[in-house]
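See structure below.
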Amino acid sequence: MSGLKSHYEKPAEMYDGLRLHQNENTDGCSPRVLEALAKLTREQLGFYPPYSAATDAAARYFGVSADHVGLVNGLDEGIMGACIAYLRPSAGGGVVPEAIVPEPAFEIFRFDTAVAGGKLVQVMPKPDFQFPLDEVLGAITPATRIVFITSPNNPTGVSSPFDVIRTVAKRVPEEAIVFVDEAYAEFAGRSFIPELPQFPNVVVGRTFSKAFGLAAIRIGAVIGHPDVLDPIRYVVPVYSVNIAAVAALQAALGDLEYVNDYLRQVKESKALVYAACDRLKLTYWPSDANFVLVRVGARVADVVEAAKTHGVFLRNRSGEPGCEGCLRMAAGVVEHTKRGLAVLEEALCAVR
Ligand SMILES: Cc1ncc(COP(=O)(O)O)c(C=O)c1O
């Protein structure tokens, strides 16, 4: 794994500061979600949860029919489900199934590929993080079963052009899927979902953890043609989405104004981060997500530590391919961004 860690190390469980390290909505969820949770009855908690109303609501939001949506316990579960469905040894038909991961990428792709028993094929980044299309096409073999494409990408915030997804989807073997991770699609304002009818071998992954502020509730979705979703459905535990998540999702989808307000703040916050970076002469990558990757150089670990002592959590991403010397900072609620930037600047001055 090119010197990378072999398992996911959860960031420390830090709640006593400003969390700008996991791309969450630091304002939390819509108040309507809390109202819906408070209305849950003893019986509802006593029975196995019904999914159909929540699936219908999600399908309406995504603009597809309900049979094209599978709710999951966070997109993490959808990714693990896809890996087990498409990368377990028996999915290879005699060869070890391969997953292509264009780097830098959400680390979970690497770990879940290993857990499922697949072979990881990493494609290293270009210096500007533009999608390495030729290299990805060159990595496709008869054993390819998943190509992961994240748009906008984490940790860079750079979007992958839809043409890239179309080209890759046309080139993978018949048994393979292209898994398009759209965890941050709301911030980019675009999704590959409308193209799914033309590309039935593409599965789109979505989460309600980020724009909707429901990370702790654990609710996400996989969207695609039933033929490619079914293998994922079979491996996901039957009742992995609980009644609180079902109720929360329906309430959250009923308050899109709340999400839109957060999206407006994210835009304003990113402009503040860019302006600060320009002033401090730091390299950054314009982001289509709710975070910005910033290169602070060899002192990155010390800067992240110094910010932590001031109660602001940032994520050191320097161990990721192409991200040497970089930290990632969430850019969401404007007040939080202002505080985060003040502390970052202080930390940069303290650590020279
Ligand atoms: C690219 C990407 N995919 C998936 C996830 C996981 O989302 P969830 O909280 O729904 O499991 C994340 C969370 O950080 C992410 O960044």
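Each ligand, and each atom within it, is numbered from 1 in the order the structure gives. Values below: all heavy atoms of this structure, side chains included; hydrogens, waters and symmetry mates excluded.
Taking 4.0 Å as the cut-off, Tyr184 counts as a neighbour of ligand 1 on heavy-atom distance. For Gln22, the heavy-atom gap to ligand 1 stays at 4.0 angstrom or more.
Ring pair His68/His225 is perpendicular by interplanar angle, where above 60° counts as perpendicular and below 30° as parallel.
The salt bridge (charged side-chain N to carboxylate O under 4.0 Å, His left out) pairs that include a residue from residues 132-152 are Lys126-Glu135, where partners are two or more places apart or lie in different chains.
Protein heavy atom nearest atom 9 (O) of ligand 1, with residue, atom name and distance: Ser209 OG, 2.6 Å. The closest protein non-hydrogen atom to atom 3 (N) of ligand 1 is Asp181 OD2, 2.6 Å. Distance from atom 14 (O) of ligand 1 to its nearest protein heavy atom, with residue and atom name: Lys210 NZ, 2.8 Å. At the top of the distance list for atom 6 (C) of ligand 1, counting protein heavy atoms only, stands Asp76 OD1, 3.3 Å. Protein heavy atom closest to atom 12 (C) of ligand 1, with residue, atom name and distance, is Phe106 CZ, 3.3 Å.
Looking at Glu324 and Ser318, their side chains never bring a donor and an acceptor atom within 3.5 Å of each other. Residues Ser209 and Glu24 have side chains that never bring a donor and an acceptor to within less than 3.5 angstrom of each other. Arg328 and Asn316 form no side-chain donor-acceptor contact under 3.5 Å, judged by distance and modelled atom types alone.
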Using the ring-ring contact (aromatic ring centres under 6.0 Å, His included) rule, take Phe291 and Tyr184 through it: C-alpha gap first, then chi angles, then the decisive distance, then the call. CA-CA 10 Å; Phe291 55 81; Tyr184 301 95; 5.0 Å; yes
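When each atom of ligand 1 is checked for a heavy atom of Gly74 under 4.0 Å away, the hits are 10 (O), 11 (O).
In terms of polar-atom proximity, Thr150 is not counted as a contact of ligand 1, lacking any N or O under 3.5 Å from an N or O of the ligand. Between Arg218 and ligand 1, at least one N/O pair is under 3.5 Å apart. At least one N/O-N/O distance between Thr207 and ligand 1 falls below 3.5 Å.
Within the 6.0 Å centre-distance limit, the rings of Phe199 and Phe192 are counted as a close aromatic pair.
Among Ile217, Leu214, Leu75, the residue whose heavy atom sits closest to atom 7 (O) of ligand 1 is Leu75.
In this structure, Arg279 forms no cation-pi arrangement with Tyr274, as its terminal cationic atom is not both closer than 6.0 Å to the ring centre and no more than 45° off the ring axis.
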